[in-house]
Amino acid sequence: MAEPVTPPAASDKPPGRRLPWPGGLSARLLLLTALFVFLAGAFILPPALADLEKQWLLDRVRAAELASTIADADPERRVTDQVSQRLLDQAGVVIVALQVDGARRLVLPTEPRAIEQPYLVDLRGQNPGSWLAAPFFTLKSKPGSLVRVMAEPRFRQEAEFVEIVLPDAPLKAHLIANFWRLAGVTLFAAGLAGGLIYLSLNFLLVRPMQRITKAMERFRADPEDPEARVVVSRRRDEIGRAEAELDAMQTDLRTALQAKARLAALGEAVAKINHDLRNMLTSAQMASDRLAALGDPKVAQALPRLERALDRAITLASDVMAYGKSKEPAPVIRTVALRAALDMAAEDSGLTPQGVALETVIDAREQIQADPDQLHRILTNLLRNAREAIEGTPDRSGKGRVFVELRRADGMSHLRLSDDGPGVPARARANLFQPFVGSVRRGGTGLGLAIARELAQGHGGDLVLVETGPGGSVFDLTLAGAPEPAPAPEEGEPAKSKP
């Protein structure tokens, strides 16, 4: 029988016990609401008990003060001990004294008796701390204890203060009886308020979050499920914004997934025809070799262009699967004559001096670091797009220009291509470099600029639309690894020209 394997990270010490904590937001909200309601009740009870004790003692002081006026009403002070004791019993006190002109005197004298030292409660100037602690001190006092109370007079204006001594047993009983009543009322009110708060927060926050969470879980499980779409409410708070943003994100993701599905379908279709296409291109290459053997001057003049086109077509057929897998082959960086690369791209893009012409002030000796085939694809896509945009503009007769200039900065080569076409429509600018959704021309696939930008980024640069409008568009192509600028022409050498 195999023994259980101890995990490598296990410790010899037993893991510390953790307090249980609910995982659901609703359960946590209920627990926190109950905790805060309990704390609110705990903060309410002490002030209520303190005020209850103060009022009870003041009532005893006023009763004793009134009783003292009866004794002082007899001018001959003939109140008997029995009458004094009865007045004291009715007031619920043992001793009543007044402070008059700095002298303390007893009122309603009774038979002297031994009493324990009482604890003092001074109601004249209680601070908040002693006021809150007074009822708890009373409840903790020994059985049979006496309390000495000092308060401002109400009926004996000649006195500085009134002082009484009374047993605290009735006060304890009063506090205990009212404690349970106050606790019940406080718990009921706090429970009612807590329940309303919990239900309100659950309705306003927890339930919408649960709905958003379920929509996210269903969308993750099946993005094509129509029920996975979150229902956007009309709320204008953060929950409403979260619902709107989630709905927009789901829409964008569905669009991206559909585009990727189309790319996958395209890759699958290309994979099926790639083999036959390569065979046909190989046959065309063999036919070009036979034409070269004929020795016809006109054929020999056109043959290099045909061979270059066939070579690039075979390379594209080999690399198309890499694009179908969302990854272009790594560029093989070489030193490329920029002017010659522009001329070849312009020729393959259909630019002619009689129609859409290429104009540049780039010297014939300018060089850049790039993959020759990938650079040709980038430039061909950009120049062909410019030509098609210009030729598709009414009243232009297919005439226009594409101007290319070069500048270098921070070790980068910046090619700026500007045309005098109609500009990029506003509806196409947001997705200009997205496959299948960034097409400007009707019937286009939107792959040209997407491929060009991906190839530029593979060179450590980028392709961006700088500006566009009715006067034309400007694209900036950045390539990393700029070589040293071409030396100035020596005396007697021809200067750079403009085609």
Side-chain angles (χ1 to χ4, degrees), residues 42-74 77-183:
F43 280 112
I44 291 173
L45 280 178
L49 286 176
D51 189 66
L52 190 66
E53 176 175 305
K54 182 177 181 180
Q55 190 60 46
W56 191 88
L57 292 175
L58 281 175
D59 291 343
R60 297 299 176 272
V61 171
R62 301 308 171 213
E65 189 179 1
L66 284 174
S68 70
T69 60
I70 298 175
D72 289 345
D74 184 5
R77 310 285 183 176
R78 294 177 299 179
V79 177
T80 63
D81 293 342
Q82 293 181 351
V83 173
S84 296
Q85 188 63 45
R86 187 178 300 172
L87 291 174
L88 291 172
D89 292 341
Q90 288 179 352
V93 299
V94 175
I95 295 176
V96 180
L98 297 175
Q99 178 86 5
V100 180
D101 296 331
R104 179 174 176 272
R105 68 180 181 87
L106 295 176
V107 184
L108 299 174
T110 183
E111 296 180 1
R113 58 178 178 174
I115 60 175
E116 296 184 4
Q117 181 68 27
Y119 58 90
L120 175 65
V121 176
D122 192 347
L123 300 179
R124 293 175 300 172
Q126 277 186 310
N127 58 57
S130 61
W131 174 66
L132 287 173
F136 299 99
F137 188 83
T138 300
L139 293 173
K140 290 171 58 178
S141 64
K142 298 185 299 182
S145 298
L146 297 176
V147 56
R148 177 186 171 196
V149 184
M150 302 174 67
E152 298 287 344
R154 177 182 293 182
F155 307 109
R156 307 296 297 269
Q157 299 298 327
E158 75 280 4
E160 298 175 8
F161 63 84
V162 180
E163 180 181 350
I164 64 172
V165 177
L166 70 160
D168 68 352
L171 178 57
K172 283 184 181 180
H174 182 71
L175 290 176
I176 292 173
N178 282 275
F179 172 80
W180 295 113
R181 180 178 62 83
L182 287 173

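Hydrogens, waters and symmetry mates are skipped; everything else that's a heavy atom, side chains included, is used. These numbers come from a predicted model, not from an experiment.
Neither side chain, D168 nor T138, offers a donor N or O lying under 3.5 Å from an acceptor on the other. Counting only N and O atoms by type, the side chains of Q55 and D59 include a donor and acceptor under 3.5 Å apart.
Side-chain atoms of Q99 and E163, non-hydrogen and from C-beta on, never get closer than 4.5 Å to each other. Looking at heavy atoms from C-beta onward, L146 lies out of side-chain contact with L166 at the 4.5 angstrom threshold.
Closest approach of R124 and M150 over heavy atoms only: NH2-CE, 3.4 Å. Smallest separation of non-hydrogen atoms from P170 and P167: CD-O, 3.5 Å. Nearest approach of A151 to L58, heavy atoms of both residues: CB-CD2, 4.3 Å. Across K172 and S141, no two heavy atoms sit closer than the pair NZ-O, 2.6 Å. What you find for L132 and A50 is that their closest heavy atoms are CA-CB, 4.1 Å.
Geometrically, R148 does not engage Y119 in a cation-pi contact, judged by NZ or CZ lying under 6.0 Å from the ring centre and within 45° of the ring axis.
Of the residues I164, D122, V165, the one that meets the side-chain contact (heavy atoms from CB on, under 4.5 Å) test with V149 is I164.
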TODO: Check step by step if side chain to side chain contact (heavy atoms under 4.5 Å, CB included) holds for K54 and W131.
DONE: CA-CA 8 Å; K54 182 177 181 180; W131 174 66; 4.1 Å; yes

Apply side chain to side chain contact (heavy atoms under 4.5 Å, CB included) to the pair E53 and L171, showing each step before the final yes or no.
CA-CA 7 Å; E53 176 175 305; L171 178 57; 3.9 Å; yes

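Open room surrounds CZ on F137; 12 or fewer heavy atoms of other groups in view lie less than 6.0 Å from it.
Distance alone, capped at 3.5 Å, is enough to place a donor-acceptor pair between the N178 side chain and the H174 backbone.
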